[in-house]
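Note that this is a predicted model, so its numbers are computed, not measured.
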Amino acid sequence: MNTDPAQVMVSVIIVSWNARDYLRQCLASLSSEACRYPMEIIVVDNASSDGSVECVKKQYPHVHLIQNMANLGFARANNFGVSASTGRYLCFVNSDVKVRKDCISRLVEYGEGHPEVGMAGPRVIGGDGKLQRSCRGFPGLWNMFCRALALDTLFPQNKMFTGCSLTNWPHDALHPVDVLSGCFWLVRREALARVGLLDESFFMYGEDLDWCKRFWSNGWKVMYVPSAEAIHYGGASSSNAPLRFFIERQRADLQYWRKHHSRPAAACFFLISCLHLVLRAFGYTLALGFNRRQRQTYRHKMGRSVACLKWMFTGRDPIPKIS
């Protein structure tokens, strides 16, 4: 693997937090089969305590390892990776992703042939072999209201109710999209210079919405390229603190609305979010009495909805922040 700064085409940046086994698999998949262009790999570890750092040092000595002394969050850690990178393209890959053959090569080739594209992402398959919907529309009050009432689930093929989740779109064709999931991005350095780094005020979640919006606002296209494929197992880090991450997701959504929308619109979104959580808490409470086999799952989901509602109205976190 050629990592001469003068010749590097792709800088792969991986942020990891207590995801050693997934990280090992991700690094193993980043071979010349996945990317036939000169590539450098940068791992930014957010103070893992599971032996991730030792694993990288021992098994992947060619990887540039950045060790943070605390969990600095997804956006800030990725920005550290950017500052250490030299490639013409930057490939941001989650630690729980396995990169398939020619995935990065095909994204780079598409970027080389389409200079107007600032960001591209592959078709994403889950660990169960099923398609993961990695593209979304920008959130609006109507589609968030539909999500709160589960209309997008009840009518998945009706475009009127699925503007944000895109469940009516089969994800099988090359297409410009509003938002690409942050599990896998290929970004043109030239575009990054104009758009700017990830917003570090987003600790976890929300940075994908914010960044994609900024790419479009600065005249760069965001493209879904299904000829490239990756496997995303999901939850490598969030499984370590599920309730904490659930609240962080809600926090990030509110932050996005306050940043990109008017105060009245952000207030409406807050109310819609409360409606969403109240309906889920009520629904899971009812489900507890009808499905004994799923009782533990429903109890957990009811509890997280209630905890998130308490946080939204009191501003007090029910559990410590991630560290």
request  = Given side-chain contact (heavy atoms from CB on, under 4.5 Å), test Phe246 with Tyr205 step by step and report yes or no.
outcome  = CA-CA 10 Å; Phe246 185 78; Tyr205 304 119; over 6 Å; no
ask   = Yes or no on side-chain contact (heavy atoms from CB on, under 4.5 Å) for Arg280 and Lys301, after CA distance, side-chain angles and deciding distance?
value = CA-CA 8 Å; Arg280 296 310 182 276; Lys301 290 184 176 181; over 6 Å; no
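Side-chain atoms of Trp211 come within 3.5 Å of backbone N or O of Gly196 as a donor-acceptor pair. Side-chain atoms of Asn143 never come within 3.5 Å of backbone atoms of Pro139 as a donor-acceptor pair (strictly under, hydrogens ignored). A donor-acceptor contact shorter than 3.5 Å links the side chain of Ser29 to the backbone of Val99. Remark: side-chain polar atoms of Arg20 are paired, donor with acceptor, to backbone N or O of Asp50 under 3.5 angstrom. Using modelled atom types, one side-chain atom of Trp142 and one backbone atom of Met160 make a donor-acceptor pair closer than 3.5 Å. A donor-acceptor pair is defined here as one N or O able to donate and one able to accept, closer than 3.5 Å; no such pair exists between the side chain of Ser181 and the backbone of Ser134. Side-chain atoms of Asn68 do not come within 3.5 Å of backbone N or O of Ala70 as any donor-acceptor pair. Without hydrogens or angle criteria, Trp311 side chain to Val306 main chain gives no donor-acceptor distance under 3.5 Å. Looking at Asn46, its side chain never comes within 3.5 Å of a backbone N or O of Ala77 through a donor-acceptor pair. When atom types are taken as modelled, the side chain of Arg189 and the backbone of Leu90 share no donor-acceptor pair closer than 3.5 angstrom.
For Trp169 and Tyr224, the gap between ring centers is short of 6.0 Å.
Looking at Asp253 and Arg249, no side-chain N of the basic residue comes within less than 4.0 Å of a carboxylate O on the acidic one, giving no salt bridge. Using a 4.0 Å cut-off between charged side-chain N and carboxylate O, Asp210 and Lys213 make no salt bridge. Under the 4.0 Å criterion applied to side-chain N and carboxylate O atoms, Glu109 and Arg36 are assigned as salt-bridge partners.
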Let me check something: any side-chain donor-acceptor pairs from residues 118-130 under 3.5 Å, sequence neighbours excluded? List them with distances.
residue, atom, partner, partner atom, Å
Arg123, NH1, Glu229, OE2, 2.8
Asp128, OD1, Lys130, N, 3.0

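A cation-pi arrangement is absent between Lys98 and Tyr233 under the rule of less than 6.0 angstrom and at most 45 degrees off the ring axis.
Using bins of under 30°, 30° to 60° and over 60° for the plane-to-plane angle, the ring pair Tyr298/Tyr284 lands in the parallel bin.
A side-chain donor-acceptor contact under 3.5 Å links Glu112 and Tyr89.
Atom NZ of Lys310 has 12 or fewer heavy atoms from other residues, nucleotides or ligands within 6.0 Å. Within a 6.0 Å radius of NZ in Lys221, other residues, nucleotides and ligands contribute 12 heavy atoms or fewer.
Arg147 CZ to Cys164 SG: the interatomic distance, rounded to the nearest 0.5 Å, is 9.5 Å.
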